[in-house]
S.K.: 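Sharing a structure with you now.
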Amino acid sequence: MEWEIVIGLETHTQLSTESKIFSSSSTRFGALPNTQANEVDMALPGALPVFNRGAAERAIRLGLAVGGHIAPRSVFERKNYFYPDLPKNYQISQMEIPVVSGGTVSFMLDGEEKTINLTRAHLEEDAGKSLHENFRGPYGESSTGIDLNRAGTPLLEIVSEPEMRSAAEAVGYARALHSLVVWLGICDGNMQEGSFRVDANVSVRPKGQKEFGTRCELKNINSFRFLERAIQYEARRQIELIEDGGKVIQETRLYDSDRDETRSMRSKEDAHDYRYFPDPDLPPLFISEEWIEQVRQDMPELPAQKQARFEQAFELSRYDASQLTVDRATSDFFEAILQAGSSANAKLAANWVLGELSAALNREELSIEQSKVSPAQLAQLIARIADGTISNKIARDVFAAQWDGELNGDVDAIIESRGLKQINDVGAIEAMVDEVLAANPSIVEQHRAGKPKAFNALVGQVMKVAKGKANPQQINEMLKQKLDA
C-alpha cells in the first residue's frame with residue numbers, strides 16, 4: 001500500500017519585546033534562574049496582568065506580511081492545565097478570536113514554488129522551564145528545578161493548515177517562516193535559546209484517502225535538521241504500526257535526537273480538556289485601522305517585494321533573486337555591494353554572493369554578518385573582473401587572499417603584489433596562441449576532424465603558457481580566427 005504523510009506545523013515565535021506580555025519583567029536570555037519573574041508572572045494574589053502593546057504591534061506586522069486578516073477585536077482566554085512550571089495553573093492565550101487569521105507563506109523547494117496556507121496566529125504567554133538533567137537538590141539528591149524566567153514571555157503561535165506532504169516540505173516552510181519573522185524584526189530567531197520552536201502534527205493515510213489519519217504531535221523541536229528527522233521517523237513508526245495491525249493513538253511525543261526516535265510524552269488533549277474561558281482580568285484587544293496603517297508604514301520591504309525588484313531592476317533570474325532574499329542579512333549585503341559601485345554588474349555580484357562568499361561562510365560556519373570580506377571589498381573585486389584586470393578564475397585567488405586578511409583585503413594591492421594582472425595585449429596573446437598551435441599539431445587536426453574537446457584542450461594549453469593570466473575571451477576569439485583561417 002502507498003502511504004501519504006500529512007503534516008501541519010504549530011510554531012511558537014518568541015516576540016522581540018524587552019518586557020513580558022503581561023508584566024514588566026525582562027525577557028533577556030541567560031539571567032540567573034528566577035531573577036526575571038515578578039508577582040504577575042508567579043500569579044501572586046492581587047497581581048493583575050497588563051497587556052504589552054509591543055506584542056500586538058509585532059502580531060500586526062506578521063498579519064500584514066502574510067496577507068492575513070487582522071482582527072479588529074480579539075480576546076484572551078485562560079487555558080487551564082497543571083504543570084510544575086506553570087505557576088498560575090493556566091496559560092493566558094487566544095482561542096475563539098485570534099489576532100490574525102489566514103494568510104500564506106511561500107517558499108522554493110527543488111526549484112518549485114510552494115505556498116502553505118495559515119490557519120491562525122494567536123498571542124499567548126510562555127510557561128516556565130523544568131530543569132531535570134544534572135540538577136541536584138539541597139542534599140545532593142536528584143531533583144527537578146523550576147526556572148520561571150520564561151514564564152510570561154510573549155509568544156505568537158503561528159498555525160499552518162495540514163497541507164505539507166513530506167518532511168522536506170515541512171522544513172522548507174519552517175525555514176521560510178523563520179526567515180520572515182527575523183526579517184520583520186519581530187523575533188531574533190535564535191533556535192538554541194528557544195526563540196523559535198516547532199510542534200509538528202504528523203499523520204499518515206493511504207494514498208487517495210480524503211479522511212485524515214490519527215495525528216501525533218511532536219513537541220518543541222528547535223532545529224530544522226531534527227524537525228526533518230523527527231517527521232521521517234514518526235511517519236515510518238505510524239506506517240509500520242498500522243501495517244502490523246496496530247492503531248495510532250492521538251498523543252504528544254518528544255523527539256530524542258541521540259536515538260533518532262520519538263517517544264510518548266502524554267495523551268493529546270483536545271480544546272475541551274483545557275476548559276477555555278475568557279480571562280476576567282484582561283479586556284478585549286482592539287486594533288484600529290489607523291494602528292494597522294501606522295505599522296504598515298513602518299514595515300521593511302518584504303522578501304517577495306524585494307525579490308520582484310531584484311528580478312526587474314537587475315534582470316536576475318527568479319532563482320537568484322529568491323536565494324538573495326532568503327534572509328534580510330543576505331539581501332542587505334548584496335545591495336551594499338551594488339551601492340559600493342557594482343550596480344552595473346548585478347548578475348556578477350549575485351554569482352559571487354551565492355557562490356564563493358556562501359561557500360567560504362559555510363566552510364567556517366559563519367553568518368553573512370560575520371563575513372571576513374566586506375561588501376565594499378567584494379565590490380572592488382567584482383569591478384576588477386568586469387573591467388578585465390583579472391579573470392574570474394584569478395579572482396578566486398584574490399578573494400581567498402582577501403578572506404585571509406592579506407594587505408587589508410585591498411584588491412588592487414593584492415593583484416599588484418602577486419603579479420596577477422590579466423594579459424589583455426592582443427599581440428602577446430597572439431604569440432602564445434601561435435606557440436601552442438605549432439607545438440600541438442595533433443590536437444589541431446583533432447579539432448578540424450570535428451572533435452569538440454580538442455578546442456578546449458588548446459585553450460587550456462594557452463592558459464598554461466600564460467600562467468592563467470591571459471584574457472580567456474581573447475584566447476577563444478584568437479584561436480577561432482587561427483583555426484578557421
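Values reported hereafter were calculated over all heavy atoms of this structure, with side chains retained and with hydrogens, waters and symmetry mates removed. Everything numeric here is computed off the predicted structure, so don't read it as measured data. Note that the numbering runs from 1 along the sequence shown for the chain.
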S.K.: Assess the side chains of Thr104 and Thr115: does a donor N or O sit below 3.5 Å from an acceptor N or O?
M.R.: no
S.K.: With sequence neighbours left out, write down each residue that passes side-chain contact (heavy atoms from CB on, under 4.5 Å) with Glu18, or none if nothing qualifies.
M.R.: none
S.K.: Should the heavy atoms of other residues, nucleotides or ligands under 6.0 Å from CD of Gln370 be counted, would the total exceed 12?
M.R.: yes
S.K.: Once rounded to the nearest 0.5 Å, what's the spacing between atom CD of Gln323 and atom OG of Ser317?
M.R.: 9.0 Å
S.K.: Could you go through Arg61 and Glu57, starting from their C-alpha distance and side-chain angles, then the distance that decides it, and tell me whether this counts as salt bridge (Lys or Arg N to Asp or Glu O under 4.0 Å)?
M.R.: CA-CA 6 Å; Arg61 276 192 232 170; Glu57 180 181 304; 3.2 Å; yes
S.K.: If you count the non-hydrogen atoms of other residues, nucleotides and ligands that lie under 6.0 Å from CG in Asn408, is the total more than 12?
M.R.: no
S.K.: Any salt bridge linking Arg396 with Glu356? Criterion: basic side-chain nitrogen under 4.0 Å from a carboxylate oxygen.
M.R.: yes
S.K.: Looking at side-chain heavy atoms only, is the closest gap between Pro72 and Ile287 below 4.5 Å?
M.R.: no
S.K.: Quick one, Phe455 and Ile443 - any side-chain contact, counting heavy atoms below 4.5 Å?
M.R.: no
S.K.: Is Ser371 reaching over with its side chain to a backbone N or O of Ser374, donor-acceptor style, under 3.5 angstrom?
M.R.: no
S.K.: Might you work through the side chain to side chain contact (heavy atoms under 4.5 Å, CB included) test for Ile5 and Ser166, ending with a clear yes or no?
M.R.: CA-CA 6 Å; Ile5 308 172; Ser166 71; 5.7 Å; no
S.K.: Mark yes or no for whether Gln94, through its side chain, and His122, through its backbone, hold a donor-acceptor pair below 3.5 Å.
M.R.: no
S.K.: Do NZ/NE/NH1/NH2 and the carboxylate oxygens of Arg236 and Glu240 come within less than 4.0 Å?
M.R.: no
S.K.: Within the distance-only criterion (no hydrogens, no angle test), does the side chain of Asp410 pair as donor or acceptor with the backbone N or O of Ala413 below 3.5 angstrom?
M.R.: yes
S.K.: Give a yes or no answer on whether the side chain of Thr27 reaches the backbone of Thr17 with a donor-acceptor pair at less than 3.5 Å.
M.R.: yes
S.K.: Side-chain contact, heavy-atom cut-off 4.5 Å: Ile475 with Asn471?
M.R.: no
S.K.: Side chains of Ser322 and Gln307: do they bring a donor and an acceptor to under 3.5 Å?
M.R.: no
S.K.: Would you confirm whether the ring centroid of Phe224 sits within less than 6.0 angstrom of the ring centroid of His178?
M.R.: yes
S.K.: Using a strict cut-off of less than 4.0 Å between a Lys/Arg side-chain nitrogen and an Asp/Glu carboxylate oxygen, indicate whether Arg237 and Glu261 qualify as a salt bridge.
M.R.: no
S.K.: Dump the intermediate steps for side-chain hydrogen bond (donor to acceptor under 3.5 Å, both in side chains) on Trp3 and Gln238, then the final yes or no.
M.R.: CA-CA 10 Å; Trp3 294 90; Gln238 292 185 21; over 6 Å; no
S.K.: Evaluate Lys480 against Glu477 for salt bridge (Lys or Arg N to Asp or Glu O under 4.0 Å), listing each step before the verdict.
M.R.: CA-CA 5 Å; Lys480 285 176 183 176; Glu477 291 173 357; over 6 Å; no
S.K.: Set out, in order, the CA-CA distance, both residues' side-chain angles and the distance that settles side-chain hydrogen bond (donor to acceptor under 3.5 Å, both in side chains) for Ser25 and Gln36, then state yes or no.
M.R.: CA-CA 6 Å; Ser25 295; Gln36 293 181 175; over 6 Å; no
S.K.: Test your reading of the model: is there a side-chain donor-acceptor pair from Arg58 to the backbone of Gly54, 3.5 Å cut-off?
M.R.: yes
S.K.: Any side-chain donor paired with an acceptor under 3.5 Å for Thr119 and Glu161?
M.R.: yes
S.K.: Going by the rule ring pair (Phe, Tyr, Trp, His ring centres under 6.0 Å), which residues pair with Trp183 if we only count those two or more places apart in sequence or in a different chain?
M.R.: none
S.K.: Report the C-alpha distance between Thr330 and Thr325 in whole Å, list the side-chain angles of each, state the deciding distance to 0.1 Å, and finish with yes or no for side chain to side chain contact (heavy atoms under 4.5 Å, CB included).
M.R.: CA-CA 7 Å; Thr330 300; Thr325 52; over 6 Å; no
S.K.: Under a plain distance cut-off of 3.5 Å, with no hydrogens placed, do Gln422 and Thr389 share a side-chain donor-acceptor pair?
M.R.: no
S.K.: Could you tell me whether Asp332 and Lys306 make a salt bridge, using a distance below 4.0 angstrom between a side-chain N and a carboxylate O?
M.R.: yes
S.K.: Could you tell me whether a side-chain N or O of Gln402 sits under 3.5 Å from a main-chain N or O of Gly409, the two making a donor and an acceptor?
M.R.: yes
S.K.: Does Arg418 come within less than 4.0 Å of Asp397, counting only side-chain N to carboxylate O?
M.R.: no
S.K.: Does one side chain, of Gln461 or Asn440, offer a donor that lies under 3.5 Å from an acceptor on the other?
M.R.: no
S.K.: Could you check whether any side-chain N or O of Asn201 sits under 3.5 Å from a backbone N or O of Ile7, counting only pairs where one atom can act as donor and the other as acceptor?
M.R.: no
S.K.: Would you say the side-chain atoms of Asn476 pair up with the backbone N or O of Pro472, donor to acceptor, closer than 3.5 Å?
M.R.: yes
S.K.: Around atom CD of Gln473, are there more than 12 heavy atoms from other residues, nucleotides or ligands closer than 6.0 Å?
M.R.: no
S.K.: Count the heavy atoms belonging to other residues, nucleotides or ligands that lie under 6.0 Å from CG of Asn362, then report whether that count exceeds 12.
M.R.: yes
S.K.: Counting only heavy atoms not in Glu293, do more than 12 sit closer than 6.0 Å to its CD atom?
M.R.: yes
S.K.: Taking Glu301 first and then Arg309, would you say they form a salt bridge - that is, a charged N and a carboxylate O separated by under 4.0 Å?
M.R.: yes
S.K.: Is a salt bridge present between Glu4 and Arg205, judged by a nitrogen-to-oxygen distance below 4.0 Å?
M.R.: yes
S.K.: Going through the distances and angles, do Val66 and Leu180 end up as a side chain to side chain contact (heavy atoms under 4.5 Å, CB included)?
M.R.: CA-CA 9 Å; Val66 300; Leu180 180 61; 3.8 Å; yes
S.K.: Under a 3.5 Å cutoff, is there a donor and acceptor pairing between the side chains of Asn117 and Ser160?
M.R.: no
S.K.: Do the side chain of Asn52 and the main chain of Ser19 share a donor and acceptor less than 3.5 angstrom apart?
M.R.: yes
S.K.: Side chains of Ser203 and Val248, heavy atoms from C-beta outward: is any pair under 4.5 Å?
M.R.: no
S.K.: Quiz question: by atom type and distance under 3.5 Å, do the side chains of Glu364 and Trp403 form a donor-acceptor pair?
M.R.: yes
S.K.: Does atom NZ of Lys421 have more than 12 heavy-atom neighbours from other groups under 6.0 Å away?
M.R.: no
S.K.: Which of parallel (below 30°), tilted (30 to 60°) and perpendicular (above 60°) describes Tyr255 and Phe226?
M.R.: tilted
S.K.: Might you work through the salt bridge (Lys or Arg N to Asp or Glu O under 4.0 Å) test for Asp327 and Arg175, ending with a clear yes or no?
M.R.: CA-CA 10 Å; Asp327 61 74; Arg175 284 187 182 277; over 6 Å; no
S.K.: When you check the gap from the basic side-chain N to the acidic O, do Arg229 and Asp260 get nearer than 4.0 Å?
M.R.: yes
S.K.: Quick test of your reading of the model: are Lys20 and Glu125 salt-bridged, counting only N-O distances below 4.0 Å?
M.R.: no
S.K.: Looking at Asp147 and Arg150, does any basic side-chain N land under 4.0 Å from a carboxylate oxygen?
M.R.: no
S.K.: Is any side-chain heavy atom of Ile221 closer than 4.5 Å to one of Arg197?
M.R.: no
S.K.: Within the structure provided, determine whether Asp188 and Ser16 are in side-chain contact (heavy-atom separation under 4.5 Å).
M.R.: no
S.K.: Please determine, by modelled atom types, if Ser442 and Glu445 share a side-chain donor-acceptor pair under 3.5 angstrom.
M.R.: no
S.K.: So, Asn149 side chain and Leu32 main chain: donor-acceptor pair closer than 3.5 Å or not?
M.R.: yes
S.K.: Could you verify whether a donor N or O on one side chain and an acceptor N or O on the other, from Glu290 and Gln294, lie under 3.5 Å apart?
M.R.: no
S.K.: Below 4.5 Å, heavy atoms only, C-beta onward: do Leu123 and Glu157 meet side chain to side chain?
M.R.: no
S.K.: A side-chain contact here means heavy atoms from C-beta on lying under 4.5 Å apart; do Glu193 and Gln14 qualify?
M.R.: no
S.K.: Identify whether the distance between the nearest side-chain nitrogen and carboxylate oxygen of Glu217 and Arg253 falls below 4.0 Å.
M.R.: no
